[in-house]
**Student:** 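Structure in structure tokens, see below.
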2 protein chains.
Amino acid sequence: MIEASPKDRVTLVDIASDAGVSRATVSLVLRNVPSVAPATRKRVLQSITKLGYVYHRGAANLRTQRSHAIGLIVSDITNPFFAEIIIAIEDWLGSTGFVTILGNTSENLEKQQRLLKSLSEYPVDGILICPTQGSITGAGSLAGRRPPVVAFTRPVSGLDYAGVDNVAGSELAIDYLAALGHQHIAFIGGPSSLSSAQQRFLGYRLGLEKNGISFRENLVVEQAPNRKGGFQGLTAALTLSPAPTAAVCFNDVVALGAIEALRSSSKEPGRDFSIVGFNNIADAHFGGLTTVDTSPAKIGEAAADLLLHRIKEPTSPVRQVILTPRLIVRESTARRSPGSSPD
Amino acid sequence: MIEASPKDRVTLVDIASDAGVSRATVSLVLRNVPSVAPATRKRVLQSITKLGYVYHRGAANLRTQRSHAIGLIVSDITNPFFAEIIIAIEDWLGSTGFVTILGNTSENLEKQQRLLKSLSEYPVDGILICPTQGSITGAGSLAGRRPPVVAFTRPVSGLDYAGVDNVAGSELAIDYLAALGHQHIAFIGGPSSLSSAQQRFLGYRLGLEKNGISFRENLVVEQAPNRKGGFQGLTAALTLSPAPTAAVCFNDVVALGAIEALRSSSKEPGRDFSIVGFNNIADAHFGGLTTVDTSPAKIGEAAADLLLHRIKEPTSPVRQVILTPRLIVRESTARRSPGSSPD
DNA sequence: TTGGGTTATTAGATCGATCTAATCGTAGCG
DNA sequence: CGCTACGATTAGATCGATCTAATAACCCAA
């Protein structure tokens with residue numbers, strides 16, 4: 001009664017004996033190697049469905065030294081910007097036969113280390129990471145690692161990188177607001193420890209200069225890059241004198257928080273005050289938010305491409321892909337209303 | 001010149017020969033088996049750091065028939081409710097030494113099938129899933145699968161399940177609104193194809209009945225479960241006559257959209273109209289939204305526990321964990337304002 | 001001194017696939 | 001008829017760990 005044993009995994013050997021061929025032939029069929037005779041292939045395929053065979057990728061990985069898995073580490077999964085990047089990367093890599101293993105650090109360096117270790121052990125073929133705030137300068141432990149690492153959104157020296165031209169993005173926003181007549185423009189920023197925040201701030205300053213608007217230190221508000229930060233930041237900015245008539249925000253989530261602050265002071269965005277966001281997440285579209293489009297999906301795809309390339313050519317020179325942002329004009333911005341604030 | 005070869009992976013054999021012991025001993029050290037002599041253990045550990053050994057989990061998995069990986073499939077990663085569940089599950093499983101492989105279906109059944117296949121092949125030890133809308137009744141292909149599957153948020157017959165008592169949740173909301181004097185309460189619902197939407201609707205009706213409020217068909221608005229749906233749903237509800245003075249929403253995202261609709265009709269939530277959400281996501285806290293707390297983190301942990309248990313005891317009876325929701329009162333609800341609407 | 005009983009270590013098989021190199025059959029060709 | 005060439009198939013080694021069962025080393029009691 002050998003057949004009665006509840007052998008619970010069907011393997012190549014089972015298929016082979018059922019179809020009357022060898023393990024090797026079954027493997028050839030699975031991989032669609034053309035050298036198999038049509039009749040044999042058919043017989044094998046029948047056995048496969050008959051026995052309910054499930055491919056064991058892990059075993060194959062061990063032999064081929066390729067896992068067809070990549071790790072994706074983001075710094076805040078609750079931020080729709082990252083959620084959209086995740087979707088894009090999963091779709092992109094999924095279509096090329098890769099599995100994505102996701103990790104979230106919540107901006108926690110220790111978690112990031114754990115994830116990196118775990119992914120290297122797995123092992124994955126490569127890692128896509130948006131590094132936590134501290135890790136960009138720190139230790140350099142990201143460059144030259146065994147599973148190659150590609151950074152996105154936040155550059156790391158020595159690593160391939162996909163991101164957006166933050167400086168140009170802020171300038172776009174300022175140019176537009178200046179053209180609308182705004183002279184007092186606040187910058188509701190993210191933490192200055194983030195390179196993207198630094199760059200966007202730089203673009204803000206350059207933009208002001210270019211448009212002949214004088215820089216006012218107190219119009220720059222550093223806040224956490226979330227809804228609450230935007231609310232508090234704009235609330236604070238509104239108390240200043242002369243009050244700003246417009247604001248550029250670190251990202252869309254911050255901008256949406258800022259809009260809430262406006263409304264709770266009975267100001268209508270677009271009519272009484274102009275707000276520009278950054279990233280163009282889905283909510284921005286619906287919320288009528290004018291924003292600097294950094295197309296998260298494109299960043300994700302670019303990063304994935306960089307990683308695939310590096311997996312294929314581990315020693316190729318480091319590359320950086322800097323995408324050009326564009327301004328999406330919606331209802332949250334308008335010409336400065338005449339009586340809004342004295343110049 | 002054998003040592004010059006760029007052998008690029010350090011394995012147990014390398015450690016063994018460096019430390020002058022056998023593969024098996026190194027393995028014992030790695031797994032912290034106590035039978036190893038302290039001196040030997042020390043020597044092995046030194047070789048490990050010296051040679052920069054990285055554990056190869058995949059190889060171990062093949063032998064032990066356990067991957068210590070679980071698959072997590074959500075239906076919409078851009079929804080903060082799921083993002084919070086994801087974080088909870090990752091933290092929980094991560095602390096027990098599991099790796100989480102995430103997949104997102106965007107409510108797409110075909111994607112879900114692809115993900116299930118990919119995860120089974122990997123292979124993972126188990127799968128946590130919030131099934132897409134169509135798949136709950138369909139095919140029954142989820143129950144009795146080889147990697148055990150646990151559902152959350154949306155029950156599937158024959159599967160372990162962790163979720164919240166949606167009926168009781170809606171009732172809580174209605175009880176509270178009724179106590180505040182509201183007589184015309186709208187229900188801005190999710191798609192009726194979702195079991196959770198059905199249950200919440202049921203709770204709405206039961207709640208009305210219990211509080212002696214007559215049910216009005218036209219106060220029930222079916223909408224997509226996102227910000228836009230909430231906006232459109234409430235905008236539509238406001239045109240009715242007699243107009244509602246309060247609304248229960250399918251979830252917090254819908255509720256936040258509804259609040260936007262209120263504001264763009266110059267109504268202030270809490271003062272002119274009461275809104276109750278569902279889930280208690282982080283944004284609800286900040287946005288001052290009264291909501292039915294379903295504690296996503298708790299759902300995630302409960303689901304993870306169910307899965308761990310099933311992995312250990314594959315043939316144990318199916319279990320369902322139904323968490324009890326509670327109402328979190330914030331500023332978006334208030335006593336019905338006297339002149340708001342005729343009874 | 002010797003046998004029994006620990007304790008520490010190890011050789012060899014194993015997980016389920018793939019790869020290499022060899023083999024078998026047979027068709028083509030001079 | 002014999003030799004090559006080629007297409008189809010396969011045996012056996014291999015990836016890097018773990019497991020089993022056996023062995024080596026050692027201490028202590030009789």
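Letters A, B, ... are given to chains in the order of the sequence lines, protein chains preceding strands, and every chain is numbered from 1. Only heavy atoms go into these numbers, but all of them, side chains included; no hydrogens, no water, no symmetry mates.
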**Student:** Rounded to the nearest Å, what distance is computed from the CG atom of residue L12(A) to the C1' atom of nucleotide dC15(C)?
**Tutor:**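 Computing the L12(A):CG to dC15(C):C1' distance gives 12 Å.
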**Student:** Return the value, rounded to whole Å, for the distance between atom OH of Y55(B) and atom P of dG16(D).
**Tutor:**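 Atom OH in Y55(B) sits about 14 Å away from atom P in dG16(D).
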**Student:** In whole Å, what is the span from the NE2 atom of H56(B) to the C1' atom of dA17(D)?
**Tutor:** 8 Å
**Student:** Can you find a side-chain donor-acceptor pair between E90(A) and T100(A) that sits under 3.5 Å?
**Tutor:** no
**Student:** Counting the atoms with a prime plus P, OP1 and OP2 as sugar-phosphate, which does T64(B) contact under 4.0 Å by heavy atoms, base, sugar-phosphate, or nothing?
**Tutor:**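 The answer is sugar-phosphate, as T64(B) gets under 4.0 Å only of primed atoms, P, OP1 or OP2.
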**Student:** dT10(D), dG16(C), dA8(C): which one has an atom nearest the side-chain heavy atoms of S22(A)?
**Tutor:**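 Per side-chain heavy atoms of S22(A), the pick is dT10(D).
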**Student:** Provide, to the nearest angstrom, the distance between the OH atom belonging to Y122(A) and the P atom belonging to dG16(D).
**Tutor:**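 It works out to 17 Å between those atoms.
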**Student:** For V21(A), answer base if it contacts any base atom (sugar-phosphate contacts may also be present), sugar-phosphate if it contacts only those atoms, and nothing otherwise; contact means non-hydrogen atoms under 4.0 Å.
**Tutor:**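 Since only primed, P, OP1 and OP2 atoms lie under 4.0 Å of V21(A), the category is sugar-phosphate.
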**Student:** For residues 105-133 of chain B, which residue pairs qualify under salt bridge (charged side-chain N to carboxylate O under 4.0 Å, His left out), counting only residues two or more places apart or in two chains?
**Tutor:**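 Residue pairs with at least one partner in residues 105-133 of chain B: R57(A)-E121(B), D91(A)-K111(B), R66(B)-D125(B), E107(B)-R154(B), K117(B)-E121(B).
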**Student:** Heavy atoms only, 4.0 Å cut-off, all strands: where does A60(B) land among base, sugar-phosphate and nothing?
**Tutor:** sugar-phosphate
**Student:** Please work out which residues in residues 25-33 of chain B have a non-hydrogen atom less than 4.0 Å from an atom of DNA chain D and list them by number.
**Tutor:**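 Result for residues 25-33 of chain B: S27(B), R31(B), sorted by number.
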**Student:** Which angle, to the nearest 10 degrees, lies between the helix axes at the two ends of the helix from dT1(C)-dA30(D) to dG30(C)-dC1(D), each defined by five pairs?
**Tutor:** 60°
**Student:** Output yes when a side-chain donor or acceptor of R23(B) lies under 3.5 Å from a complementary backbone atom of I15(B), and no otherwise.
**Tutor:**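 Judged by distance alone, no pair lies under 3.5 Å.
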**Student:** Would D160(A) and R319(A) pass as an ion pair if we require N to O under 4.0 Å?
**Tutor:** no
**Student:** Taking F152(A) as the fixed residue, which of L159(A), L307(A), L72(A), L306(A) is the one that meets the side-chain contact (heavy atoms from CB on, under 4.5 Å) rule?
**Tutor:** L72(A)
**Student:** Does the ring pair (Phe, Tyr, Trp, His ring centres under 6.0 Å) test come out yes or no for Y55(B) and Y122(A), once each step is laid out?
**Tutor:** CA-CA 8 Å; Y55(B) 184 66; Y122(A) 208 74; over 10 Å; no
**Student:** What is the nucleic acid contact for V13(B), judged by heavy atoms within less than 4.0 Å: base, sugar-phosphate only, or nothing?
**Tutor:** nothing
**Student:** Picking from dG16(C), dT10(C), dA17(D), which would you name as closest to the side chain of L62(A)?
**Tutor:**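 Comparing dG16(C), dT10(C), dA17(D) against the side chain of L62(A), the answer is dG16(C).
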**Student:** OP1 or OP2 of dA17(C) sitting under 4.0 Å from any side-chain N/O of Y53(A)?
**Tutor:** yes
**Student:** Which comes earlier along DNA chain C counting from the 5' end, the contact point of G20(B) or that of R23(A), where each point is its nearest nucleotide?
**Tutor:**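 Result of the comparison: G20(B).
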**Student:** Name all pairs fulfilling the side-chain hydrogen bond (donor to acceptor under 3.5 Å, both in side chains) condition that reach into residues 297-307 of chain A, sequence neighbours left out, sorted by first residue then second.
**Tutor:** W92(A)-D305(A)
**Student:** Considering the options T25(A), V29(A), L30(A), V44(A), which one meets the side-chain contact (heavy atoms from CB on, under 4.5 Å) requirement together with L12(A)?
**Tutor:**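 Between L12(A) and the candidates, side-chain contact (heavy atoms from CB on, under 4.5 Å) is satisfied uniquely by L30(A).
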**Student:** Looking for any heavy atom pair under 4.0 Å, which part of the strands does A37(B) touch: base, sugar-phosphate only, or nothing?
**Tutor:**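 Sugar-phosphate contact only - A37(B) comes under 4.0 Å of backbone atoms but never of a base.
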**Student:** To the nearest angstrom, how far is D14(A) atom CG from dC15(C) atom C1'?
**Tutor:**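 Taking CG of D14(A) and C1' of dC15(C), I get 13 Å after rounding.
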**Student:** Which pairs count as side-chain hydrogen bond (donor to acceptor under 3.5 Å, both in side chains) when at least one residue sits in residues 31-45 of chain A, sequence neighbours excluded?
**Tutor:**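 Every side-chain hydrogen bond (donor to acceptor under 3.5 Å, both in side chains) pair that includes a residue of residues 31-45 of chain A, provided the two are not neighbours, is S27(A)-R31(A).
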**Student:** Please report, rounded to the nearest Å, how far the C1' atom of dA17(D) is from the CZ atom of R63(A).
**Tutor:**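 My rounded result for the distance is 15 Å.
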**Student:** So, does D76(B) use its side chain to make a donor-acceptor pair with the main chain of S106(B) at under 3.5 Å?
**Tutor:** no
**Student:** Select one nucleotide: of dC15(C), dT9(C), dG16(D), the one nearest the side-chain heavy atoms of Q65(A).
**Tutor:**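 In terms of side-chain proximity for Q65(A), the closest of dC15(C), dT9(C), dG16(D) is dG16(D).
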**Student:** Please list, by residue number, the residues of residues 38-45 of chain A whose heavy atoms come closer than 4.0 Å to an atom of DNA chain C; answer none if no residue qualifies.
**Tutor:**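 Under 4.0 Å from DNA chain C: no residue of residues 38-45 of chain A.
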